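I have placed the structure first, in the form of structure tokens, so that the comments after it can refer back to it.
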Amino acid sequence: NKNKIPKEIKKTLILKKKLSPYESKIFINNIILYNLLINVSKINKNYKMTSNIITTDIISLIKKNKIKKNLIIDQQKLSDIIEKLSNKIINNSISKKIINIMLHENTLTIEEIIQKYKFKQINNTTEINIICEDIIKKNNKQVKEYKNGKFKLINFFVGELMKLSKGKININTAKEILIKKLDESE
């Protein structure tokens, strides 16, 4: 198959670029995705995050939109998304939405998409505290169950955080604050 790349590149991807064997296999079997990885990583120097975005979000969108040929992804824009992710301006949930928009509205810059759709991640701890307090107030039954040892309910609360913030909350910070508030609640 002319779209395959040499197997020795797999070693480089795994050993030097720190990709998983699964990710490496995807790139070895698809020259277009491999070139996207190499070119975007040249811009942003972040092979792992670039690989994650390509192997999850982009492949998922290709399948969902039934794109067979002529997938054109602006490498600079993809690099901009990865930079915004690493600087915690957006989260994974938002990056998926931006990539989908980017495929359909490719005249906008990533910054314009973030502004137009109000996609900026919520990092403000005061705002996150308010959202967490609201969730705790509205879910007395689940709070009691959590406090009685049903710790898997944290996933329910995380879901509520995502729902209330429309997927825009910094989930790591929010989860930390939420657990602290749950432990302090009566």
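In this text, all values refer to a predicted model and were calculated from it rather than measured experimentally. Throughout, residue positions are numbered sequentially from 1 according to the sequence presented.
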Fill in: Distance-only polar pair, side chains of Asn123 and Gln121, donor-acceptor under 3.5 Å
yes

Worksheet entry | Donor-acceptor side-chain pairing of Gln76 and Asp80 below 3.5 angstrom | yes

Can you list the residues that meet the side-chain contact (heavy atoms from CB on, under 4.5 Å) rule with [X], with sequence neighbours excluded?
X	value
Thr109	Glu111, Glu112
Asn52	Glu23, Lys48
Ile89	Lys84, Asn87, Lys120
Asp183	Tyr146, Ile179

Worksheet item: According to a 4.5 Å side-chain heavy-atom criterion applied to Ile, Leu, Val, Met, Phe, Trp and Tyr, with indirect links allowed, do Ile14 and Phe27 form part of one hydrophobic cluster?
Response: no

Discussion item. Please determine whether side chain to side chain donor-acceptor pair (under 3.5 Å) holds for the pair Asn46 and Ser86, giving the CA-CA distance in whole Å, both sets of side-chain angles, and the decisive distance to 0.1 Å.
Written reply: CA-CA 9 Å; Asn46 193 333; Ser86 25; 4.5 Å; no

Practice prompt. Taking ring pair (Phe, Tyr, Trp, His ring centres under 6.0 Å) as the test, write out the residues that go with Tyr47, two or more places apart.
Written response: none

Worksheet item: Does Tyr117 have any ring pair (Phe, Tyr, Trp, His ring centres under 6.0 Å) partners at least two apart in sequence or in another chain, and if so, which?
Response: Phe119

Heavy-atom donor-acceptor pair, [X] side chain to [Y] backbone, under 3.5 Å:
X	Y	value
Lys18	Leu15	yes
Asn148	Lys144	yes
Asn30	Ile26	no
Asn91	Ile169	yes

